[in-house]
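Note that this is a predicted model, so its numbers are computed, not measured.
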Amino acid sequence: MDYYVIDVFAEKLFKGNPAGVCVLEQWIDGEKLQNIASENNLSETAFLVKRDGYYDLRWFTPSVEIDLCGHATIASAFVLLEFYEANIDEIKFKTMSGIMKVTKKGDIFYLDFPARKAHRTIDYKTFDEAFSCNNNGVYKAVDFLVVFDNETQVRDIKANFSVLKKIKEEAQMESDSFGIIITAKGDNCDFVSRFLAPNAGIDEDPVTGRAHCTLIPYWAERLGKTKMRALQLSKRGGEIDCEHLGERVLIGGKAVLYLKGKIVL
């Protein structure tokens with residue numbers, strides 16, 4: 001099968017978040033898809049099958065299948081528009097979370113994703129134990145959102161991942177397919193974040209589209225604006241264009257081809 005690696009939310013190689021993209025003629029069994037994702041050992045591998053007018057799309061971490069992934073969706077659109085689909089600038093995907101659309105404008109790819117508004121929840125003991133500083137509030141949508149006072153706190157946190165994994169039991173989560181977003185107002189942008197998902201096999205994801213489904217509505221309400229610029233403060237780093245549309249959000253970023261090859265099964 002054709003296989004690509006794309007650096008997403010990046011203007012040059014070795015920045016942003018790398019995603020694997022596998023283009024299949026038809027679906028193979030889920031165990032084999034999971035084995036491929038584990039072998040690739042990227043935070044997410046996307047699998048595509050062409051249909052009439054859209055593509056089926058599934059996302060896998062090295063450990064589990066997940067219900068929503070932003071950077072691997074942009075990577076999928078990059079591959080399709082670059083190598084498979086001529087003279088179009090929009091791709092539709094059918095996913096576990098419904099129909100998703102990616103539109104290319106210039107050199108930026110815009111995800112049209114569902115907004116996932118977070119609501120205030122209890123201050124879990126796990127977060128107090130796992131993080132090196134006190135938080136300023138815990139919220140929850142599909143993922144957790146932990147708010148801190150400033151950018152420096154978010155940048156400097158050294159999470160205890162073995163402790164952090166205990167949130168699944170404390171919060172009685174049924175699945176491993178969730179993450180913990182840590183965030184604060186930015187110094188030179190609207191907001192900053194990091195995304196931690198040890199239960200899903202990813203201690204820290206470099207740049208995370210799905211996290212912004214929750215971050216965008218939170219910060220839009222708090223800052224009183226609908227268009228924002230965000231930074232994810234991982235080692236690789238990433239820049240994200242954000243827009244709040246009510247029930248939907250737009251998540252924009254650039255992408256760069258790193259690898260093109262074949263997987264032999």
Side-chain angles (χ1 to χ4, degrees), residues 1-10 16-86 88-104 109-114 142-143 175-179 195 197 199-202 205-213 238 251 253 255-265:
M1 78 179 63
D2 290 342
Y3 176 60
Y4 306 81
V5 176
I6 311 298
D7 288 343
V8 181
F9 298 117
N17 200 354
V21 179
C22 297
V23 183
L24 294 77
E25 293 184 1
Q26 59 186 10
W27 285 115
I28 57 179
D29 69 86
E31 182 179 359
K32 190 166 287 185
L33 297 178
Q34 184 64 73
N35 286 338
I36 293 169
S38 298
E39 188 82 2
N40 292 345
N41 201 32
L42 296 170
S43 59
E44 276 86 19
T45 297
F47 296 90
L48 300 166
V49 174
K50 186 173 185 177
R51 304 300 187 193
D52 186 13
Y54 65 93
Y55 282 81
D56 285 337
L57 171 60
R58 296 170 69 179
W59 308 279
F60 287 77
T61 77
S63 301
V64 297
E65 183 172 10
I66 59 173
D67 68 331
L68 191 66
C69 177
H71 82 285
T73 305
I74 286 182
S76 299
F78 178 98
V79 167
L80 295 176
L81 294 175
E82 184 75 17
F83 300 108
Y84 293 86
E85 302 288 349
I88 63 171
D89 56 11
E90 183 177 287
I91 297 285
K92 291 183 178 179
F93 300 102
K94 185 177 181 181
T95 78
M96 291 174 64
S97 295
I99 299 296
M100 304 296 167
K101 182 173 66 175
V102 178
T103 303
K104 184 180 181 184
F109 294 82
Y110 287 94
L111 296 163
D112 182 340
F113 265 17
V142 176
D143 300 312
S175 168
D176 289 317
S177 181
F178 68 91
F195 187 81
N199 295 83
I202 310 163
D205 193 43
V207 196
T208 316
R210 77 177 257 165
H212 289 77
C213 295
I251 305 165
V256 185
L257 174 67
Y258 169 68
L259 181 150
K260 178 182 178 183
K262 292 279 188 181
I263 292 177
V264 181
L265 298 177

Audit row: Y55, S76, side chain to side chain contact (heavy atoms under 4.5 Å, CB included) steps and yes/no: CA-CA 10 Å; Y55 282 81; S76 299; over 6 Å; no
When you compare the side chain of L57 with that of K94, does any pair of heavy atoms fall below 4.5 Å? no
Charged N to carboxylate O under 4.0 angstrom, E82 versus K104? no
Is there side-chain contact between W27 and L33, with heavy atoms separated by less than 4.5 Å? yes
Kindly check if the number of other-residue, nucleotide or ligand heavy atoms within 6.0 Å of OH (Y3) is above 12? yes
Within the side chain of T61, is there an N or O that forms a donor-acceptor pair under 3.5 Å with the backbone of S43? no
Separation between CE (M96) and CZ (R58), nearest 0.5 Å, reads 8.0 Å
To the nearest 0.5 angstrom, please state how far the CD atom of Q34 sits from the CG atom of D29. 11.0 Å
Residues C69 and E44: closest non-hydrogen pair is SG-CG, 3.5 Å
Give me the atom names and distance for the closest heavy-atom approach of F113 to G70. CE2-CA, 3.7 Å
Rounded distance (nearest 0.5 Å) linking atom CG of D176 with atom CD1 of I66: 12.0 Å
So does Y110 get a backbone contact from the side chain of T103, meaning a donor-acceptor N/O pair under 3.5 Å? no
So, do L81 and D89 sit near enough that their side-chain heavy atoms are less than 4.5 Å apart? no
Which heavy atom of G16 sits nearest to which heavy atom of P206, and what is that distance? O-CB, 3.5 Å
Between R51 and D56, is any pair of side-chain heavy atoms under 4.5 Å apart? yes
Would you indicate whether the side-chain heavy atoms of I28 and M1 approach each other to under 4.5 Å? yes
For residues V21 and F78, determine if any side-chain heavy atom of one lies less than 4.5 Å from a side-chain heavy atom of the other. no
Show the numbers, then the answer: is there a side chain to side chain contact (heavy atoms under 4.5 Å, CB included) between H212 and L111? CA-CA 11 Å; H212 289 77; L111 296 163; over 6 Å; no
Ignoring hydrogens and geometry, is there a side-chain-to-backbone donor-acceptor pair from N40 to L42 under 3.5 Å? no
Looking only at side chains, do W59 and T73 share a donor and an acceptor under 3.5 Å apart? yes
How close do S63 and G201 get, counting heavy atoms only, and between which atoms? OG-CA, 3.6 Å
Pairwise distance CG(D7) to CG(L259) - rounded to 0.5 angstrom: 10.5 Å
I'd like to check K50 versus L80 (side-chain heavy atoms, cut-off strictly below 4.5 Å). Are they in contact? no
May I ask you to decide if V207's main-chain N or O and N17's side chain share a donor-acceptor pair within less than 3.5 Å? yes
Could you go step by step and tell me if I251 and C213 meet the side chain to side chain contact (heavy atoms under 4.5 Å, CB included) rule? CA-CA 8 Å; I251 305 165; C213 295; 4.2 Å; yes
Could you tell me whether the side chain of F93 reaches within less than 4.5 Å of the side chain of L48, counting heavy atoms only? yes
Tell me the closest heavy-atom pair linking P18 and H71, and the distance in Å. O-NE2, 3.4 Å
Evaluate the criterion side chain to side chain contact (heavy atoms under 4.5 Å, CB included) for residue pair F83 and V23; output intermediate values, then yes/no. CA-CA 11 Å; F83 300 108; V23 183; over 6 Å; no
Can you measure from CE (M100) to CG (D112) and round to the nearest 0.5 angstrom? 8.5 Å
Please report the closest heavy-atom contact between I36 and C22, naming both atoms and the distance. CG2-SG, 4.2 Å
What distance do K101 atom NZ and I91 atom CD1 have between them, rounded to the nearest 0.5 Å? 12.0 Å
Does V102 offer a backbone N or O that forms a donor-acceptor pair with the side chain of E90 under 3.5 Å? no
